[in-house]
Amino acid sequence: MEYIKNRFYEKASKCIGEYQKLKTEHADKVIANVTIGQVMTGMKGVPSLITDTSKLDANTGITFRGYSIPELREKLPRLDPAGEPLPEGLYYLMLVGEIPEQEDVFNISKDWSTRSHVPQHVFDVIDAMPKSARPMTQFSAAIVAMATESVFQKAYRSGVNKKYYWDFMYDDVMNLIARLPRIAAYIYRRNYFKDKHIEPDPRLDWAGNLAHMMGHDSDEVKRLMRLYMVIHADHEGGNVSAHTTHLVGSALSNPYYALGAGMLGLAGPLHGYANQDVINWIFELMNEIGSDEPTKEQLADYVQKTLEAGRVVPGYGHAVLRVTDPRFTAQKEFADKYITHDKLINTVNNLYEVVPPILGSVGKISNPWPNVDAYSGALLYHYGIKEYSFYTVLFGVSRALGVLASLVMDRLYGLPIERPSSYPLKWYRDKASGEEGGC
Ligand code: HAX
C-alpha cells in the first residue's frame with residue numbers, strides 16, 4: 001500500500017523544516033523551568049519530548065490528533081455501522097493526521113494481513129521458555145527475536161543515507177504491527193489451550209483476527225477487541241512504554257528492539273500490568289470477604305485494608321490525569337450498553353463509587369479517579385477471556401500502534417539520540433539550600 005506511505009511522507013515531511021527551524025533558530029527560547037519537585041516525582045510536566053500522535057490533558061483526557069475517544073468512536077470507519085471503529089483507522093489517523101476513508105482502512109487491513117507471516121524461529125524462541133514464564137516475558141522475547149527481519153537494520157549497515165531511514169522504519173513497523181496478533185495469540189493458546197493453535201483468517205480485520213486466533217470467534221468478542229485496541233493505542237509520549245520505545249529507538253536501534261524494551265516497561269505493575277492486577281485484587285477481595293457480590297461497605301473496608309498494608313489500589317490514580325479516565329468511561333458505556341448483569345462488572349461499578357472518596361481522603365494521592373485498567377479486565381472476563389495473566393499482552397498489542405507510528409516520525413524528523421543530564425543527590429541539595437551534611 002505505497003499510497004499510504006506516500007500520503008504520510010507528503011504530510012509529515014512538511015514538519016521536517018519546522019523541526020529544523022526550531023532547532024536552529026529558536027534553540028535559546030526558554031519554555032519551562034524545572035523544579036526540584038518535578039525531578040523528585042519522575043519529571044512530571046516537564047516538556048521534553050516531541051510526539052504528534054496523541055496528547056493527554058489532565059482534565060479532559062487523551063486526544064488522538066485532536067480527536068477525543070467519543071469522536072473516534074463516531075468518526076473512524078467501522079465494519080458494521082453499529083460496531084466499534086477499526087484500529088487500522090486509528091493507526092492511519094495517528095500517522096497521517098487525518099480521518100481515513102473506509103477504503104484506506106480496508107487497505108491497511110489487507111496490507112497487514114499480507115505482512116503477518118511470523119518466522120518459525122520466533123515461535124521456537126517462545127517454545128523454548130517454560131510455560132510458567134510470564135506472557136509478557138514471552139511476548140517481548142518474541143518481538144526482540146524478530147529483529148532478524150529488520151529491514152531498517154540491514155539498510156543502516158549497508159550505509160543508507162540517514163534521510164531515508166524513515167522509509168525502512170515504516171516497513172519494519174508495518175511488518176511488526178501485522179505480526180503482533182499472531183504472536184500474542186500463539187502465547188495465549190500455548191499457555192492456556194495446550195498448544196492448540198489457530199491459523200489466522202486473512203479475510204478478517206487486525207483485531208478481529210486476534211480474537212479469532214485466540215479462539216474467541218464471536219462477533220461480541222471481536223467488537224470488544226476493536227474497542228480495546230483503539231482505546232489503549234497511545235497516551236502521548238511520556239508514559240513508560242512510549243518513552244522507552246522512543247528512547248531505545250533514539251540510539252537507532254531497530255523497532256523490534258525498541259518495542260521489545262517498551263513492552264518490558266508496560267509489564268510493570270504501575271503501568272500495564274495494572275490491568276491484570278485489578279482482576280487479581282478483586283478476586284482476592286471476593287475470596288477474603290467470602291462473596292462474589294460484596295457490598296459497598298465491604299469494598300470500602302477492603303480498600304482501607306489495602307492502603308494500610310502499604311499497597312496501591314490497582315486501576316486508580318494517574319501520573320497526569322486528574323479526572324475519570326475517558327478510556328474507563330468508554331468501557332463503562334460499552335458494558336452499560338451490552339451487558340445486563342455480571343457480578344464482576346457490578347463490583348467494578350461499585351468500586352467506582354467507593355474508591356475515589358477514600359483515596360481522596362488520604363491527602364497525598366494526586367488523582368483518586370479510575371484509569372483505563374480499572375475496567376478492561378472485567379469486560380474481557382465477561383466475554384470469556386478469563387486468563388487474566390495474559391491481559392497485559394493485549395494492552396501491548398494495542399500500544400504498539402501509537403509508539404511505532406511515533407517511531408517512524410522520529411526517524412523522518414531525524415530526532416537525535418536522547419540524553420538528559422543526571423546529577424548526584426548532593427547537587428540537588430546544594431541547589432535547594434546549600435546545607436551541609438546529608439548522605
Ligand atoms: N493507591 C494507593 N496509593 C496511591 C495510588 C493508588 N491507586 N495512586 C497513587 N498513590 C500514592 C503513590 O504511591 C504515592 O505514594 P508515596 O508518596 O508514598 O510514594 C502518592 O500516592 C503520590 O502519587 P501520585 O502523585 O498520586 O501518583 P504517581 O504519579 O506517583 O503514580 C500511578 C501514578 C498510576 C503509578 C499511581 O496512581 C498508582 O500506583 N496507581 C495504581 C496502579 C495503577 O493503576 N497503574 C496504572 C496506571 C495507568 C496506566 O499507566 N496504565 O497502563
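Numbering of ligands and ligand atoms starts at 1, following listing order. Numbers here are sequence positions counted from 1.
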Notebook entry, point to check: What residues form a salt bridge (charged side-chain N to carboxylate O under 4.0 Å, His left out) with Lys11, not counting sequence neighbours?
Noted result: Glu98

Note to self: Checking Tyr375 against Asn349: is there a side-chain donor and acceptor pair closer than 3.5 Å?
What the structure shows: yes

Note to self: Can you confirm whether Asn33 is buried at CG, in the sense that more than 12 heavy atoms of other residues, nucleotides or ligands lie under 6.0 Å from that atom?
What the structure shows: no

One pair per line, please: each N/O atom of ligand 1 matched with every protein N/O atom under 3.5 Å away, atom names first, then the distance to 0.1 Å.
from	atom 1	to	atom 2	distance (Å)
ligand 1	1 (N)	Val313	N	2.9
ligand 1	7 (N)	Val313	O	2.9
ligand 1	7 (N)	Tyr316	O	2.8
ligand 1	15 (O)	Lys364	NZ	3.3
ligand 1	18 (O)	Lys364	NZ	2.7
ligand 1	25 (O)	Ser366	OG	2.8
ligand 1	26 (O)	Ser366	N	2.8
ligand 1	26 (O)	Ser366	OG	3.1
ligand 1	29 (O)	Lys44	NZ	2.9
ligand 1	40 (N)	Tyr316	O	2.8
ligand 1	44 (O)	Gly315	N	2.8
ligand 1	44 (O)	Asn371	ND2	3.0
ligand 1	45 (N)	Leu270	O	3.0
ligand 1	50 (O)	His271	ND1	2.9
ligand 1	51 (N)	Asp373	OD2	2.8
ligand 1	52 (O)	His271	O	3.3
ligand 1	52 (O)	His271	ND1	3.0
ligand 1	52 (O)	Gly272	N	3.4
ligand 1	52 (O)	Asp373	OD2	3.4

Checklist line | Arg322: salt bridge (charged side-chain N to carboxylate O under 4.0 Å, His left out) partners, not counting sequence neighbours | finding: none

Next item on the list: For side-chain contact (heavy atoms from CB on, under 4.5 Å), just list the numbers for Tyr228 and Phe334, CA-CA rounded to whole Å, side-chain angles, deciding distance to a tenth of an Å, and then say yes or no.
Entry: CA-CA 11 Å; Tyr228 189 102; Phe334 186 95; over 6 Å; no

Next item on the list: Quick one: list whatever passes salt bridge (charged side-chain N to carboxylate O under 4.0 Å, His left out) with Lys296, sequence neighbours left out.
Entry: Glu353

